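Report on the structure given below.
Every chain is numbered from 1, with letters handed out A, B, ... down the list of sequences. Just so it is clear, the structure is predicted and the values come from calculations on it, not from any experiment. Side-chain atoms are counted along with the backbone in the values below, which use heavy atoms only and exclude waters and symmetry mates.
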Protein chains: 2
Amino acid sequence: MNIGEAARASGITAKMIRYYESVDLIPPAGRTEAGYRTYGERDVDTLRFIRRARDFGMPMDRVKLLVGLWQDKDRPSREVKAIALSQVAALEAKIAELTAMKDALAELARACHGDNRPDCPILSDLAGASFTSAHPGPDRRSGKAGQRFAGKRLA
Amino acid sequence: MNIGEAARASGITAKMIRYYESVDLIPPAGRTEAGYRTYGERDVDTLRFIRRARDFGMPMDRVKLLVGLWQDKDRPSREVKAIALSQVAALEAKIAELTAMKDALAELARACHGDNRPDCPILSDLAGASFTSAHPGPDRRSGKAGQRFAGKRLA
DNA sequence: TATGGGGCTTCCCACTGTGGGAAGGTCAAC
DNA sequence: GTTGACCTTCCCACAGTGGGAAGCCCCATA
């Protein structure tokens, strides 16, 4: 299988497969005489595994860990579960953060009559003029703490 | 006020203030003879406004819109509310996506006994061997649809 | 056998925001 | 006049992903 077929079979673009190789998430693929990368069923399985893990919002380093455990037939399920649970915790933290934002903003929007008049509590709040609703925000003062998470834009 | 004072007063780093200026989110600051940027109260207000808007997870382009409306004394509150509501929708979409991930992963973790034995449904599921739980994932096939959102990593 | 089209290779650039740092100018206090 | 804190610009990095160019390769068809 060349990279295009592996891409179609795994659901990961060829571009990304090369990238994953470059960051050592997957081992270097075999090459034909002409330098084309070659893949087997096992490689495609690994790629699919990676795609699923990424679908759970896992960042690369967590995925890497998990791939390692997956390939180790003797790993204790304890370790796998720990990774999964820390990802669940990261997701919960992110959800809580977004929910706080959403609630605060929805409340402001609710208070805005939304007609042709110019006055609007949304702008007043953002300007800090009347700091009513206590929206905390993502606390940009706190340092490197917290769980990793591969946040995807809603582009 | 020079940029350092403005940074402390607004809660935005000097680095970011320069960046905001470079991407035309804020107009070029005045300069002293020596080339130092100078800021007044109004500028700091604008920076604070931007910080709050970013705290609501708004991407730069949405913030830019909002800053424009904020500075226009005659804007209809309808427009402001529309922006706020579309941000609420973006947040809700993101929350729904993360919640689906979290639930699916939590369910897998629940099913994993998490001891010293190697077998683990989390890995089986990720490998696609037994595709039981219908976790959809962020649907990477769908194109450019959806709302923008300034997703922040949990780094 | 020649030619064309599609696939492969590597390499660079873009994006979002943010931070780090180097090299050099400035300002104020001592 | 020196020191240290501040400012300036410029480049680099990060995570992932996409876009694209330049050049080689493989296969089918004329």
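- When the nucleotides dG17(C), dC8(C), dG16(D) are ranked by their closest atom to the side chain of I3(A), dC8(C) comes out on top.
- Between R110(A) and E107(A), at least one side-chain N (NZ, or NE/NH1/NH2) sits under 4.0 Å from a carboxylate O, which counts as a salt bridge.
- Sparse packing is recorded around CZ of R42(A), with 12 or fewer heavy atoms of other residues, nucleotides or ligands lying under 6.0 Å away.
- At whole-Å resolution of the value, CG in D55(A) and C1' in dT17(D) are 15 Å apart.
- What separates CD1 of I50(A) from C1' of dT17(D) is a distance of 15 Å, to the nearest Å.
- L65(B) is connected to L123(A) through a chain of hydrophobic side-chain contacts under 4.5 Å among Ile, Leu, Val, Met, Phe, Trp and Tyr, so both are in one cluster.
- E5(B) has its CD atom 12 Å from the C1' atom of dA5(D), to the nearest Å.
- Applying the ring-ring contact (aromatic ring centres under 6.0 Å, His included) rule to Y39(B) yields no partners; only residues at least two apart in sequence or on another chain are considered.
- Ion pairing between a basic and an acidic side chain is recognised when a charged N comes within 4.0 Å of a carboxylate O; D119(B) and R117(B) show no such pairing.
- Atom-to-atom, CG of D24(A) to P of dA15(D) comes out at 13 Å; the value is rounded to the nearest Å.
- When the C1' atom of dT8(D) is taken as reference, atom CD of E21(B) falls 12 Å away, rounded to whole Å.
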Under 3.5 Å, N/O pairs linking protein and nucleotides 22-28 of chain D:
from: dC25(D); atom 1: O4'; to: Y36(A); atom 2: OH; distance (Å): 3.4

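- The existence of a salt bridge linking R48(B) and D45(B) is confirmed by a sub-4.0 Å separation between a basic side-chain nitrogen and an acidic carboxylate oxygen.
- Atom CD1 in I17(B) sits about 15 Å away from atom C1' in dG17(C), given to the nearest Å.
- The listed nucleotides are dG18(D), dC6(D), dA15(D); the one nearest the side chain of N2(B) is dC6(D).
- Atom CZ in R62(A) sits roughly 15 Å away from atom P in dA15(D) (whole-Å rounding).
- Overall bending of the helix from dT1(C)-dA30(D) to dC30(C)-dG1(D), expressed as the angle between end axes built from five pairs apiece, is 30° (10° steps).
- In this structure, CD1 in I122(A) is found 14.0 Å from CZ in R52(B), a value given to the nearest 0.5 Å.
- Here R78(B) contributes atom CZ and D115(A) contributes atom CG; the two are 8.0 Å apart, rounded to the nearest 0.5 Å.
- Sorted pairs that involve residues 77-105 of chain A and meet ring-ring contact (aromatic ring centres under 6.0 Å, His included), not counting sequence neighbours, are lacking altogether.
- Connection of L85(B) to W70(B) is not established within any shared hydrophobic cluster, with ILVMFWY side chains joined at heavy-atom distances below 4.5 Å, either directly or through further cluster members.
- Looking at residues two or more places apart in sequence or on another chain, you find a side chain to side chain donor-acceptor pair (under 3.5 Å) between E21(A) and R37(A).
- The side chain of R54(B) lies closest to dT18(C), out of dG19(C), dG16(D), dT18(C).
- The nearest whole Å value for the distance from the CD1 atom in I12(B) to the P atom in dG19(C) is 11 Å.
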Please tabulate the protein-to-nucleotide N/O contacts below 3.5 Å involving nucleotides 9-12 of chain D, giving atom names and distances.
from: dT9(D); atom 1: OP1; to: R31(B); atom 2: NH1; distance (Å): 3.4
from: dT9(D); atom 1: OP1; to: R31(B); atom 2: NH2; distance (Å): 3.0
from: dT9(D); atom 1: OP2; to: R37(B); atom 2: NH1; distance (Å): 2.9
from: dT9(D); atom 1: OP2; to: R37(B); atom 2: NH2; distance (Å): 2.9

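- Between Y20(B) and the phosphate of dT18(C), there is a side-chain N or O to OP1/OP2 separation shorter than 4.0 Å.
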Could you go through E5(B) and V44(B), starting from their C-alpha distance and side-chain angles, then the distance that decides it, and tell me whether this counts as side chain to side chain contact (heavy atoms under 4.5 Å, CB included)?
CA-CA 9 Å; E5(B) 294 168 289; V44(B) 172; over 6 Å; no

